Amino acid sequence: MSFKEKIDSKRLPKHIAIIMDGNGRWAKQRGEFRVFGHENGVSSVREVSEACTELGIQYLTLYAFSTENWNRPKYEVTALMELLVKTIHSELKTLNENKIKLLAIGDIESLEENCKNELREAIQITAGNTGLNLVLALSYSSRWEITNAAKCLALEIKSGKIDPEQISQEVFEKFLNTSEMPDPELLIRTSGEYRISNFLLWQIAYAELYFTPKLWPDFRKEDLYEAIVDFQNRERRFGMTSEQLNP
Ligand code: IPE
Ligand code: IPE
Ligand code: MG
C-alpha cells in the first residue's frame, strides 16, 4: 500500500510548512556547483505544490530564502534571486491552471527591484485563484517578523488606535505576516538537520515536526504523503491528557 492510500482525507493538515534544505549538498554529491542544487530544487517545489493541490491542502508555506541567507557569497545570492524570477515567470501559467494563489511573507521590500516586480505581478495575477495558497517565505526570518510586528503595534498605540490593555495573542497575531493564515499543523524539514533556523517560531507553537534525511531536490510526492501519514498517526494533545481526548 502506498503512502497516498494511507492518507485519511478527512484529517488533512490545513497548513503544511517546509524548510527546503540540502540543495548545496545534493549538488556537491554530484560534483556540481551549489546553484545546480537550487535549480533542481524547483522540481521538488512543483511536486509538492501539485501534491497539495491534488489532496486539497489549503496552505503550503515554503522557506525559500532566509534573512540569514543574505550572508551567503554574493554569486549564490544573485543566482538564487535570478532563479526565483525565472521560476515565477515560467510557472505562472501552471499556477493559474491549478488555481494556485501565490503569496509571500518576509521582508519583500529588501528584495531586488526585478524580483519584487515579478513577485508582485504573480501575486496580483493569481489573487483570484481559489485553490492552494502557496506562500513563499522570502528574506524571511521569524525574529524579523516578530520585531516588525512589535514595531507596527507600537505605532498603532502611539497614534492612539490601540490601548496597550487590549493587547492579546489574537491582537498581536494580526501584525504578523501570516495574519490571514491558519497556523501550520505540520512542519517538514529536509536534509537531516534538526533545527528550525528562524522559521515561523510563533506559528509553530503546536505544529507537528517532521524531519527527513532526504535532500530537498530528491523530495517527491510520495515523501510528502509519508510525512502526512506520520502526522495523522500522532496524537495532538494541546496540553491535555490522552484520556481527556479519548474518553
Ligand atoms: C536550501 O539548501 C536552499 C536555501 C537555503 C536557499 P542549501 O543551499 O541550504 O543546501 P545545503 O544545506 O548547503 O546542503
Ligand atoms: C534554512 O536553510 C533556510 C531555507 C531553507 C531558506 P539554511 O541552510 O539556511 O539553514 P541553516 O543555516 O543551515 O540552519
Ligand atoms: Mg542548508
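Excluded from the calculations below are hydrogen atoms, water molecules and symmetry mates; all remaining heavy atoms, backbone and side chain alike, are included. As the structure lists them, so they are numbered: ligands from 1, and atoms in each ligand from 1. Note that the structure is a prediction, hence the values are computed from the model and not measured.
No more than 12 heavy atoms of other residues, nucleotides or ligands shown are found within 6.0 angstrom of CD on Q169. Atom CZ of F172 has more than 12 heavy atoms from other residues, nucleotides or ligands within 6.0 Å.
With respect to the salt-bridge test (charged N to carboxylate O, under 4.0 angstrom), the residues K4 and E222 do not qualify. For K214 and E226, the salt-bridge test fails: no basic side-chain N is under 4.0 Å from an acidic carboxylate O. Looking at R237 and E208, no side-chain N of the basic residue comes within less than 4.0 Å of a carboxylate O on the acidic one, giving no salt bridge.
Taking the side chain as every heavy atom from C-beta outward, N23 and N40 never approach each other to under 4.5 Å. The shortest side-chain heavy-atom distance between T87 and V45 does not fall under the 4.5 Å cut-off.
Close contacts between ligand 2 and R195 involve ligand atoms 11 (P), 13 (O), 14 (O) [criterion: under 4.0 Å to a heavy atom]. Near D21, meaning under 4.0 Å from one of its heavy atoms, ligand 2 places the atoms 2 (O), 8 (O). Ligand 2 places these atoms under 4.0 Å from at least one heavy atom of F65: 6 (C).
At a heavy-atom distance under 4.0 Å, only side-chain atoms of N69, from C-beta outward, approach ligand 1. Contacts of F199 with ligand 2, taken as heavy-atom pairs under 4.0 Å, are absent altogether.
Within the structure, the closest approach of E68 to ligand 2 does not fall below 4.0 Å when heavy atoms are considered. Ligand 1 is approached by G22 to a heavy-atom distance shorter than 4.0 Å. Distances shorter than 4.0 angstrom occur between a heavy atom of H38 and an atom of ligand 1. A heavy-atom separation below 4.0 Å is found between M20 and ligand 2.
Taking the six-membered ring where the residue is Trp, W216 and F219 present parallel rings, their angle staying beneath 30° rather than reaching 60°. Under the 30°/60° scheme for interplanar angles, the aromatic rings of W70 and F65 are found to stand perpendicular.
Taking all heavy atoms of R72, R25, R34, Q29 into account, the minimum distance to atom 9 (O) of ligand 1 is reached by R72.
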**Request:** Could you please spell out the steps behind the side chain to side chain donor-acceptor pair (under 3.5 Å) verdict for E156 and Q166?
**Result:** CA-CA 12 Å; E156 297 270 287; Q166 289 176 299; over 6 Å; no
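L136 and F199 end up in different hydrophobic clusters when Ile, Leu, Val, Met, Phe, Trp and Tyr side chains are linked at under 4.5 Å.
Annotation: atom 6 (C) of ligand 1 to nearest protein heavy atom, A64 O, 3.4 Å. The nearest protein atom to atom 2 (O) of ligand 1, hydrogens excluded, is given as N23 N, 3.2 Å; this is a heavy-atom distance. Considering only non-hydrogen protein atoms, atom 10 (O) of ligand 2 sits nearest to R189 NH2, 3.3 Å.
In terms of modelled atom types and a separation under 3.5 Å, the side chain of R189 and the main chain of D21 share no donor-acceptor contact.
Contact annotation for atom 12 (O) of ligand 2: protein absent (non-hydrogen atoms, distance under 4.0 Å).
Applying the side-chain contact (heavy atoms from CB on, under 4.5 Å) test to E50 and every residue at least two apart in sequence or in another chain returns E54, K221.
Less than 2.8 Å away from the Mg ion (ligand 3), the protein contributes these N/O/S atoms: D21 OD1.
Not a single N or O atom of Y63, backbone or side chain, sits closer than 3.5 Å to an N or O atom of ligand 2.
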